[in-house]
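Below is one structure; the comments refer to it alone.
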Amino acid sequence: MQLLKRVVGWIVIVIGVGILGLGLSIPIDALIGRGRVEALTNTTIPGPAGPIRAFVVEPTTPGPHPAVIMIHEWWGLRPDIIEKATALAADGYLVVAPDTFRGASTTWIPRAIYQVSTTPPEQVQADLDAVFSWLIARADVIADRIAIIGFCYGGRTSLLYTLHNPAVAATGIFYGMAAVEPSALRQIRGPVLGIFGGADASIPLSEVEQLERNLRAAGVSTRFVIFPDQPHAFVGGIDSINAGGAAGDAWQVLRAFLAEALKGQIPAGQKWPVEMRATHATTFAGWLHHRFVCGW
């Protein structure tokens, strides 16, 4: 009996130390990562609670231009978003990648969960309203051709912002999900693109298919593309895109979608992957991701 008590006691101590360590790791990571967002951004936009930091890249061709708001993943603003924004600007869009976590960026999952779960949706919407208004006020932006796209948390945020602001001209969702009342989708005016991985352990394809059905039932121009055997967040930085494969194909789908939605150009010969496969079994990490990103 004494031995059992000692074992249980040690187990409780180890669990307690682990929980304490995880809790302490969040402010430690914040301290270590101080200045990450400032180093990546080149613009400040007036916001409801002070300046919003953002990376802005303009096309080299004369304007005015369509614009794209690009929303980061649950990690916060990182170099891969800067790379993708720069690549997209080469297609003739003014691209702005705002920091929706107000200075927070990480590579540590516990802090990513903390960032998402402690950032009020209303705060994000208000900041994006400020970004949208800033774009409209620019002489080099076509005010009625502003799209929003995002990855993971950013995909979810893009959909929710389009519901909040129907003036959005087009919406691109990369492996993001939100529980939305089907009737609310009727206020979406522009087309919606969804890109998902067929082996995503975080987002079941049943939810993807239901969202697609709801959008179509609401009369929204919808194109969902499932990339077989691809996990969550399979579109990384520009190197992975340039290497081709699923990441490169997904990027070409996005380019074609934006060209049609914002420029009225239909790329010749564009192929749209349509094959669907069941996802792998949801993992514990996938459940956490779904709970704190999709349930936000």
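Keep in mind that this is a model prediction, so the values were computed, not measured.
For the atom pair Trp251 CH2 and Ser240 OG, the distance stands at 10.0 Å (nearest 0.5 Å). Here CZ of Phe196 is found 4.5 Å from CE of Met177. Values are rounded to the nearest 0.5 Å. Here the straight-line distance linking atom CD1 of Ile69 with atom CD1 of Ile146 works out to 6.5 Å at 0.5 Å rounding. From Arg223, atom CZ reaches atom CD1 of Ile195 across 10.5 Å, with rounding to the nearest 0.5 Å. Note that CD of Gln210 and CG of Leu205 are 13.0 Å apart. Values are rounded to the nearest 0.5 Å. For the atom pair CG of Leu254 and CG of Leu88, the computed distance is 6.0 Å after rounding to the nearest 0.5 Å.
In this structure, Phe101 has its ring center under 6.0 Å from that of His72.
Of all non-hydrogen atoms in Leu262 and Ala147, the two that sit nearest each other are CD1-CB, 3.8 Å. When all heavy atoms of Val192 and Phe224 are compared, the closest pair comes out as CG1-CE1, 4.3 Å. The two residues Pro51 and Thr44 make their nearest non-hydrogen contact at CB-CB, 4.0 Å. What you find for Leu160 and Ala178 is that their closest heavy atoms are CD2-CB, 4.0 Å. Scanning all heavy atoms of the two residues, the minimum distance from Gln115 to Ser105 falls at OE1-N, 3.5 Å. For the residue pair Ala89 and Val57, the shortest heavy atom distance occurs at CB-CG1, 3.6 Å.
The backbone N or O of Trp108 sits less than 3.5 Å from a side-chain atom of Thr106, completing a donor-acceptor pair. The backbone N or O of His65 lies less than 3.5 Å from no partner atom in the side chain of Arg145, so there is not a single donor-acceptor pair. For the pair Gln265 (side chain) and Glu260 (backbone), a donor-acceptor distance under 3.5 Å is absent. The backbone N or O of Met70 lies less than 3.5 Å from no partner atom in the side chain of Lys84, so there is not a single donor-acceptor pair. Of the possible donor and acceptor atoms, one in the side chain of Tyr93 sits under 3.5 Å from a partner among the backbone N and O of Ala259. Side-chain atoms of Ser158 come within 3.5 Å of backbone atoms of Gly150 as a donor-acceptor pair (strictly under, hydrogens ignored). Looking only at distances, no side-chain donor or acceptor of Arg53 sits under 3.5 Å from a matching main-chain atom of Asp99. Checked by atom type and distance alone, the side chain of Asn214 never pairs as donor or acceptor with a backbone atom of Leu185 at under 3.5 Å. With hydrogens and angles ignored, the 3.5 Å screen pairs a side-chain donor or acceptor of Gln187 with a backbone N or O of Ala184.
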#### Entry: Worked verdict on Arg36 versus Arg78 for side chain to side chain contact (heavy atoms under 4.5 Å, CB included)
CA-CA 8 Å; Arg36 286 173 180 161; Arg78 298 201 303 177; over 6 Å; no
### Check against side chain to side chain contact (heavy atoms under 4.5 Å, CB included), Leu159 and Ile188
CA-CA 9 Å; Leu159 175 59; Ile188 297 177; 4.2 Å; yes
### Message
Assess the residue pair Ile45 and Val96 against the criterion (side chain to side chain contact (heavy atoms under 4.5 Å, CB included)); give the C-alpha distance rounded to whole Å, side-chain angles, the decisive distance to 0.1 Å, and a yes or no.
### Response
CA-CA 10 Å; Ile45 297 170; Val96 52; 4.1 Å; yes
### Task
Check the pair Thr100 / Tyr153 against side chain to side chain donor-acceptor pair (under 3.5 Å), numbers first and verdict last.
CA-CA 10 Å; Thr100 73; Tyr153 151 87; 2.7 Å; yes
### Message
Determine whether Val56 and Leu94 satisfy the following criterion, side chain to side chain contact (heavy atoms under 4.5 Å, CB included), listing intermediate values before the conclusion.
### Response
CA-CA 7 Å; Val56 177; Leu94 188 149; 4.1 Å; yes
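The salt bridge (charged side-chain N to carboxylate O under 4.0 Å, His left out) check on Arg186 picks up nothing, with sequence neighbours excluded.
Counting heavy atoms from C-beta outward, Ile109 and Trp75 have side chains that approach closer than 4.5 Å. Side-chain atoms of Phe55 and Ile81, non-hydrogen and from C-beta on, never get closer than 4.5 Å to each other. Residues Leu128 and Ile71 meet the side-chain proximity criterion, which asks for heavy atoms closer than 4.5 Å. The shortest distance between side-chain heavy atoms of Pro79 and Leu40 falls below 4.5 Å.
Ring orientation note: the planes of Tyr175 and Phe151 are tilted relative to one another, at an angle of 30° to 60°.
For Phe234, the CZ atom counts as densely surrounded, since its 6.0 Å shell holds more than 12 non-hydrogen atoms of other residues, nucleotides or ligands.
The pair Asp127-Arg102 counts as a salt bridge, with a side-chain nitrogen and a carboxylate oxygen less than 4.0 angstrom apart.
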Side-chain polar contacts of residues 133-144 - donor-acceptor pairs under 3.5 angstrom, sequence neighbours left out - could you list them?
{"unit_1": "Ser133", "atom_1": "OG", "unit_2": "Asp129", "atom_2": "O", "d": "3.0"}
{"unit_1": "Arg138", "atom_1": "NE", "unit_2": "Asp140", "atom_2": "OD1", "d": "2.9"}
{"unit_1": "Arg138", "atom_1": "NH2", "unit_2": "Glu58", "atom_2": "OE2", "d": "2.9"}
{"unit_1": "Arg138", "atom_1": "NH2", "unit_2": "Asp140", "atom_2": "OD2", "d": "2.8"}

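Exactly one residue among Val220, Ile148, Ile173, Thr157 makes a side-chain contact (heavy atoms from CB on, under 4.5 Å) with Thr162. That residue is Ile148.
Evaluation of the salt bridge (charged side-chain N to carboxylate O under 4.0 Å, His left out) test over residues 172-183, restricted to residues two or more places apart or in two chains, returns none.
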